[in-house]
Amino acid sequence: MSRPKAERRTPPPRPAASRRSLAVGGLGLAAAAYVGVDCLSHLYPSLRGRLQPALWATLALATAARAPFYRRWDAEIRAAPQFLAALIFMLATLLCEAIAVRFVSTVLGLQWHRSTAPLPDTGQWLLLALNERLPQTVIGLLRVRIITLHHYLMLFIMLGFSALFDCIKGPGLGIAARYMFTMAVGRFLRTITFVATILPSARPWCAEARFRIPDHPHAWAQKYYAPYASDPRAIRRVIMSDMPYAAVKDYTVEYRPEWGLMSFLIDILRPTAGDGSSWYHLLKKASGGCNDLMYSGHMFVAVLTAMAWTEAYGGWISVVIWFLVLHSAQREIRERHHYSVDCIVAIYVGILLWRMTRFIWSTRDSDRDRRLAKLDELQNKLFRAAKDSDMDEIKGLLKEVELAGQAKKAFSQRVILSFAASMVIFILLVVLLIFTLTRDG
């Protein structure tokens, strides 16, 4: 008598993590290719000029081809208001920062920039000491500009777009909103930090080379700072009396352009006739300023990018990005764009702020959390229904648990397609703007 054939068991479906393994590896290779192609500018500029457009065209075409098949456009639409609010908040904080940068660079006048020595920086001493002991090959590797500001911004944009390919947990606009909100908070904290105490630049020639500003300090600095800056008796007297006593000197009347509603910025920005008639154009020329700005904005952006990749993506490429962050930090100190303290503070502030903004977007499964919360809420009812052997009641309660983990609202296919097309085009335009405006770091 032959035995009946055993029933063939179908294998369970693979989890999402294993389905994404190939995509994750592809994302890491794409990120490495982007940075690597840009590094060719130091060795083979002509080859880099051919490879870079091809790489960007490939990435853009892959994004456009994948967008119609993305399954989480509903979640992207729900995250869109959060994304736009974070974008507006970030732009507002960057505007305030630009005004503050110009203010601290001009309020003390050009003569102060010429005469004030940089602060002693033990981090710079350490790097100079290592230059005497390390091989020239290692020193050359530490000096080379492997990665700059626009690379970190582009790496994050690639991470956000990777949600289309299921490389990271969607929505992509959710992690973008968290990134911009965290950056806005960090830049605001940075602004009030460097405005509170004006520190001299590690590059004393910077202001004279870049700015057309008056030699003399502003009237505020003449009254509250300049008379008490170096005389110990004057400092003691102002401490004892706790009142300014020096008279403001008479200098040439400063240039006052016609800025209309923005005329209140004239005393803060101290424009000259050669700066043009636009206050916005003047802020663009201010760029990163010519004072030490506590803490480093470049390093803050780098740390946020590394934290986003570590949380959303992980893997070997995240470790590489952290090594690049450290390389950028030592280069900022080595080239004297910042003091060591600026880079150190930027690293731990970036880490802490990113962890504090997890409420905006997180890799945790929110659907599962909602189901567990609903199950906990209905636990007593389930026990009672099981005790009464009421299968209909049990099925109804379990249906409530399942519905609690699903999205509450669906959108029509027309709305989804219109939103998808507009967002892809909008973000690609933003990528091009970032690529051009931050090209010089």
Side-chain angles (χ1 to χ4, degrees), residues 14-35 59 62-63 66-67 70-80 82-83 86-87 90 147 150-186 299-326 347-370 407 423-424 427 430-431 434:
R14 291 183 298 171
S18 63
R19 289 198 305 268
R20 292 199 301 265
S21 59
L22 293 176
V24 170
L27 177 60
L29 292 176
Y34 167 69
V35 177
L59 295 175
T63 300
R66 175 64 180 175
Y70 182 49
R71 294 173 298 177
R72 298 209 61 192
W73 281 117
D74 282 6
E76 300 289 348
I77 294 175
R78 282 189 288 274
Q82 202 175 47
F83 171 81
L87 176 62
M90 183 184 69
I147 188 167
H150 80 275
H151 291 107
Y152 288 113
L153 294 174
M154 293 300 177
L155 283 175
F156 175 77
I157 290 173
M158 292 175 68
L159 181 71
F161 269 115
S162 70
L164 293 174
F165 302 89
D166 293 328
C167 295
I168 66 170
K169 174 180 174 289
L173 293 182
I175 190 173
R178 179 179 177 183
Y179 187 82
M180 291 188 296
F181 179 80
T182 310
M183 185 182 295
V185 173
M299 286 306 304
F300 181 68
V301 172
V303 170
L304 288 188
T305 300
M307 288 296 293
W309 275 76
T310 301
E311 179 176 339
Y313 176 79
W316 60 271
I317 191 66
S318 298
V319 177
V320 172
I321 291 174
W322 275 111
F323 274 109
L324 292 176
V325 169
L326 297 178
I347 290 173
Y348 67 69
V349 168
I351 293 172
L352 292 175
L353 285 180
W354 182 261
R355 292 190 176 279
M356 290 175 62
T357 53
R358 188 173 293 175
F359 64 92
I360 298 178
W361 179 93
S362 175
T363 53
R364 293 177 58 186
D365 190 346
S366 57
D367 294 345
R368 184 187 63 182
D369 291 342
R370 287 196 297 267
M423 286 307 301
V424 169
I427 296 178
V430 170
V431 169
I434 291 174

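Just so you know, these numbers come straight off a predicted model, no measurement behind them.
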Gap separating the [atom1] atom of [X] from the [atom2] atom of [Y], nearest 0.5 angstrom:
X    : Y    : atom1 : atom2 : result
W354 : F300 : CH2   : CZ    : 10.0 Å
T310 : I321 : OG1   : CD1   : 7.0 Å
F161 : R66  : CZ    : CZ    : 14.0 Å
L304 : M180 : CG    : CE    : 12.5 Å
M158 : T63  : CE    : OG1   : 9.0 Å
L353 : R178 : CG    : CZ    : 10.5 Å

So which heavy atom on [X] is nearest to which on [Y], and how close?
X    : Y    : result
I351 : V303 : N-CG1, 3.8 Å
G174 : A79  : N-CB, 4.0 Å
V325 : A302 : CG2-O, 3.7 Å
A30  : L59  : CB-CD2, 4.3 Å
A86  : A177 : CB-O, 3.5 Å
F165 : A62  : CZ-O, 3.5 Å

Residue pair [X] / [Y], side-chain heavy-atom distance below 4.5 Å:
X    : Y    : value
W361 : L173 : no
Y179 : M90  : no
L27  : L159 : yes
T357 : V185 : no

Item to complete: Evaluate the criterion side-chain contact (heavy atoms from CB on, under 4.5 Å) for residue pair M307 and R355; output intermediate values, then yes/no.
Response: CA-CA 9 Å; M307 288 296 293; R355 292 190 176 279; 4.2 Å; yes
Worksheet, complete the sentence: For Q82, the side-chain hydrogen bond (donor to acceptor under 3.5 Å, both in side chains) test, sequence neighbours excluded, returns none
Fill in: Parallel, tilted or perpendicular: ring planes of F359 versus F181, cut at 30 and 60 degrees
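Perpendicular: the ring planes of F359 and F181 meet at over 60°.
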Tell me if a side-chain donor or acceptor on [X] pairs with a main-chain N or O of [Y] at a distance below 3.5 Å.
X    : Y    : value
T305 : Y152 : yes
S362 : R358 : no
W309 : G315 : no

